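None of these values were measured; they are calculated from a predicted model.
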Amino acid sequence: MSEEIYSPQFIEEKWQRHWQASGIDIASEEVGDARETYYCLEMFPYPSGNLHMGHVRNYCLGDAVARYKRMQGFNVLHPIGWDAFGLPAENAAIKHGKPPAEWTYANIEQMQVQLKRLGLSYDWSREIATCKPEYYRWEQWMFTKLMEKGLAYRKEAEVNWCDPCHTVLANEQVEDGVCWRCDTPVHKKNLAQWFIKITDYADELLNDLDQLKGWPDKVVGMQRNWIGKSSGAEVSFQVEGSNETLDIFTTRPDTLMGVTYMAVAAAHPLAIKAAENNAELADFLEECSVISTKEADVATMEKKGMPLGIHTIHPVSGEAVPVWVANFVLMSYGTGAVMSVPAHDERDYDFAKKYALNIKQVITNAAGDANVSEAAFTDPGVLINSGEFDGLKSGKAKKAITYWLTTQCKGEERTQFRLRDWLVSRQRYWGTPIPVIHCENCGTVAVPEQDLPVVLPEHLQPTGGASPLADCEEFVNVDCPQCGKAAKRETDTFDTFMESSWYMNSYTSANCDTAMVDGASMEKWAPVDQYIGGVEHAVLHLLYARFYHRLMRDVGLFDGDKVGSEPFKNLLTQGMVLLDGTKMSKSKGNTVDPKDIIQKYGADTARLFTLFAAPPERDLEWSDKGVEGASRFLHRVWVLLDKVGQTYPGQADSKVTKTLRRAIHTHIQRVTHAFEQGFAFNVAIAAMMELSNALNAFDAHDEEGKAVFEEGANALITMLAPLVPHFACECGERLGFETVAVMSAWPKVDASALIQDEINLVVQIQGKKRGEIAVSPNINQDEAMEIVQNTESISKWLEGQQIVKVILVKGRLLNIVVKPA
RNA sequence: GCCGGGAUGGCGGAACUGGUAGACGCAGGGGACUUAAAAUCCCCCGGUGGUGACACUGUGCCGGUUCGACUCCGGCUCUCGGUACCA
């Protein structure tokens, strides 16, 4: 059939040209297109200049999904774009003395070539770059809408500041007290900044997590954790000799009667006031503030405190409760003060022991013998020493005590979230300008819709310090849209997560330039059916995008009932690419350049290896030998196709042919199943290798054999198409496919081919395999037993045994339960 | 501490809904071809015992349910990821 050898470079270029010319990767917007839609999306790349193996893995996974769904008959949307704003461009600009725009656009061009070289089936007609005004203008528009609705606001607050990055950061961007980008410790600063009220959506974002059946538990758990809802009560303690109250939040109002002291943060007004004429206390507060800014090993820090010399009055008993300042109480959570119940809280217990404070037990277990002489008893239980609340169980007591406090105006039910509002302003140049004008008369004024977009000047040269926007007079100086007087533009830009929070919706509306998105297009395509990316965005991008999607819904951009409230239906978080057990990274110098692999073996081999070497969600250990194995497989299949249409001398055996046909169809079934079960491409490929091995072992001796062999070859090539598309297309052409392989219909299982006349029935005795018998698949128990009795190698195990029970699992096994006679 | 994963040969990993553990690949061993090497092809490859057919044993540990457990239940160990003086 073909004497040519498999030469990936040649055929890959050929088919990429072919696909582009035929437009098969374009998502159809034709009204008459009856196909069901499917939206497959991978997290879009930051245009750093070079594709690394992590990208390759991410995009090969997505491409396999998209191509598989196309072959299943779906109208697939598979777009790509560039998350093009961000700090690395500014850093590169400083280094090379070129504006970030230039660097960014050059990188995009370079990475486009690299992505195309991989043969990824993107709809390039919908490509976006977030740094373009036609993209970010809608983000600016949206922000002005949020200002109108009171969901975006400017407030002076204590915020996280990163010196090297010269900007503030959102809470989500601070990891272990250090900046997520540059790993330097952040410190607190008071600054007026722009926030978006994600806290208004905290409950919805939390509750809807239950809907996300197609998300990994891990990511759902991380988001739940991050939102951090806790229910309890706020309780007011009257300060002795004053009108003031000390308010605290507790999740354990049932332990109220066990309070023996109060603890406040060093920054709490009561502590500051008490320190005014107490030098020792002032020193201690100073010590606490120094430690807290370091934020290093907070967990191991010694618990320290000092009495403030003041007391509060217990709201129920009226007893005096001393107030302490403690270094473990955070001003930033709750009210900055806690009621301490050492008997039922480990931390309070340790603190009470250290400073010899009272420990009063108010909860016991069901048996009534719990004691707190050695440690705190933190389980819920039954109330004791609590007056009228005695005998209540913790759950009921929480309600009863909270209710009592409410009637006395000394407290109320309260829910506390860990989630803070999203800080979206950044003191950086290379980002979306915040569409706001500061006017001496009118205050902060949103840029009116007709004046949008506020275009970022692209020619500026950052220096690493303050944003060059502030010095750009033609940008800064503007007339106030309200009063017309000279005013100044806001020079902060948006957090780049603002762009990535809605790009998935933007793709649906590629043809719409009169609105942020088009409602009908959203209904057609959204939400994303399969989203694929790294787990590092579990509480960053993935939380913001869920939030922003709801904002778009509530601004009326689409119908929430039809599109849904969640932007991503299914999520696949792919593992990292490792070399020698550690993550590939430039700084560690343990990288493998995709370019080299593609040049040596071709894109298809690179794709096949990354899909085969590990399940998608697990880490993938890079192996040069493994790559060679993948390449070998493709060569073997290439040569295997030479057997199509051939007959070989020898006696045909219809049984052997039938067995091959059954193997073909069981493998179609297995491959399809692997694709459907969480895109287990590694398993699918293993099944295809088995099919290839089965075909290789077969020689056709007659017309029937020839036909079955061809059927198998066709199925194999078709199923390979989503994974190694160039290879499959070339092979498909050799085999005379009517449709190009990547657009061929996915093979169907012929159930009749799976039927067997004879099977090997496993025979077990006491659950232990003792042999096999060749029988009809429909054999009944008695018939099977008779064969067993006549099979010496098995029946010998039954000698001297009494048969208690026989279990026949149809088509699989026969288990005989015996006991000594 | 809490939350969520994971633990199967020398390695990456298979095993449908509880039904033959180790598919497929990599590495390794042996052989064929070759003057030789590479490539390719064939055979072997969890452990122990046995020349062998075969037997025993084996999926982190201890126990349980079941005719039968990698799979289900209870209790641990180790490991990876996330997170926290969160009141």
[N] [atom2] sits how many Å from [X] [atom1], rounded?
X        : N      : atom1 : atom2 : answer
A/Asp580 : B/rG12 : CG    : P     : 14 Å
A/Phe328 : B/rG1  : CZ    : P     : 20 Å
A/Gln223 : B/rU83 : CD    : P     : 13 Å
A/Arg636 : B/rC26 : CZ    : P     : 7 Å
A/Ile807 : B/rA69 : CD1   : P     : 12 Å
A/Asn682 : B/rA23 : CG    : P     : 15 Å
A/Lys354 : B/rC85 : NZ    : C1'   : 13 Å
A/Asp348 : B/rC86 : CG    : P     : 10 Å

Let's test this: given Watson-Crick or G-U wobble pairing with both distances under 3.5 Å, identify the partner of [N].
N      : answer
B/rA32 : B/rU40
B/rG4  : B/rC80
B/rU20 : none

Taking only the [atom1] atom of each, what is the distance from [N] to [M] in whole angstrom?
N      : M      : atom1 : result
B/rC26 : B/rG13 : C1'   : 11 Å
B/rG81 : B/rG28 : P     : 31 Å
B/rA14 : B/rG29 : C1'   : 24 Å
B/rA15 : B/rA21 : C1'   : 7 Å
B/rC61 : B/rU77 : P     : 15 Å
B/rG63 : B/rU48 : C1'   : 27 Å
B/rG64 : B/rC86 : C1'   : 39 Å
B/rC42 : B/rC56 : P     : 34 Å

ask   = Where does B/rG9 land, syn or anti, given syn is within 90° of 0?
value = syn
Would you say a side-chain N or O of [X] is under 4.0 Å from OP1 or OP2 of [N]?
X        : N      : value
A/Asn693 : B/rA23 : no
A/Arg632 : B/rC26 : yes
A/Lys768 : B/rU57 : yes
A/Arg252 : B/rA87 : no
A/Arg347 : B/rC86 : yes

ask   = What residue among A/Leu608, A/Ile685, A/Leu611 forms side-chain contact (heavy atoms from CB on, under 4.5 Å) with A/Val724?
value =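 Considering A/Leu608, A/Ile685, A/Leu611, a side-chain contact (heavy atoms from CB on, under 4.5 Å) with A/Val724 is found only for A/Leu608.
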For [X], report the nucleic acid contact type (base, sugar-phosphate, nothing); a contact means any heavy atom under 4.0 Å.
X        : value
A/Val329 : base
A/Leu620 : nothing
A/Trp622 : nothing
A/Gln677 : nothing
A/Glu772 : base
A/Gly629 : sugar-phosphate
A/Phe612 : base
A/Val817 : sugar-phosphate
A/Pro216 : nothing

Does a donor on one side chain sit under 3.5 Å from an acceptor on the other, for [X] and [Y]?
X        : Y        : result
A/Glu172 : A/Tyr544 : yes
A/Thr582 : A/Asn590 : yes
A/Arg546 : A/Gln223 : yes
A/Lys303 : A/Asn327 : no

For the pair [X] and [Y], find out whether any cationic side-chain nitrogen is under 4.0 Å from an anionic carboxylate oxygen.
X        : Y        : result
A/Glu413 : A/Lys399 : no
A/Lys583 : A/Asp619 : no
A/Lys600 : A/Asp624 : no
A/Lys229 : A/Asp203 : yes

message = Is it the case that B/rC67 (base atoms only) and A/Lys805 (side chain only) share a donor and an acceptor within less than 3.5 Å, ignoring hydrogens and angles?
response =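 Such a pair does not exist between side chain and base.
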Taking the minimum atom-to-atom distance to the side chain of [X], which one of [options] wins?
X        : options                : result
A/His673 : B/rC16, B/rG19, B/rA87 : B/rC16
A/Lys303 : B/rC85, B/rC86, B/rA15 : B/rC85
A/Val809 : B/rG19, B/rA87, B/rC56 : B/rG19
A/Ala686 : B/rC24, B/rG13, B/rC67 : B/rC24
A/Asn815 : B/rG13, B/rU20, B/rC67 : B/rC67
A/Asn327 : B/rA87, B/rU20, B/rC85 : B/rC85
A/Lys625 : B/rA27, B/rC67, B/rA15 : B/rA27
A/Arg770 : B/rC24, B/rA23, B/rC56 : B/rC56

message = If I compare all heavy atoms of A/Cys60 with all of A/Arg607, which pair ends up nearest, and what's the gap?
response = SG-CG, 3.6 Å
Sort me out a list of protein N/O and nucleotides 2-7 of chain B N/O pairs below 3.5 Å, or just none if empty.
{"residue": "B/rG5", "atom": "OP1", "partner": "A/Asp217", "partner atom": "OD2", "Å": "3.3"}

query = Nearest nucleotide by nearest heavy atom, which residue falls closer to the 5' end of RNA chain B, A/Pro615 or A/Trp226?
reply =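 Here A/Pro615 is the residue nearer the 5' end.
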query = Which residue lies toward the 5' end of RNA chain B, A/Lys769 or A/Arg670, if each is placed at its nearest nucleotide?
reply =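 Looking at RNA chain B, the more 5' nearest nucleotide goes with A/Lys769.
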message = If the test is ring pair (Phe, Tyr, Trp, His ring centres under 6.0 Å), which one of A/Trp622, A/Phe633, A/Tyr601 qualifies with A/Phe609?
response =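 Result: among A/Trp622, A/Phe633, A/Tyr601, A/Trp622 is the only option passing the ring pair (Phe, Tyr, Trp, His ring centres under 6.0 Å) with A/Phe609.
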ask   = Which class fits the ring pair A/Phe675 and A/Phe681: parallel under 30°, tilted 30 to 60°, perpendicular over 60°?
value = perpendicular
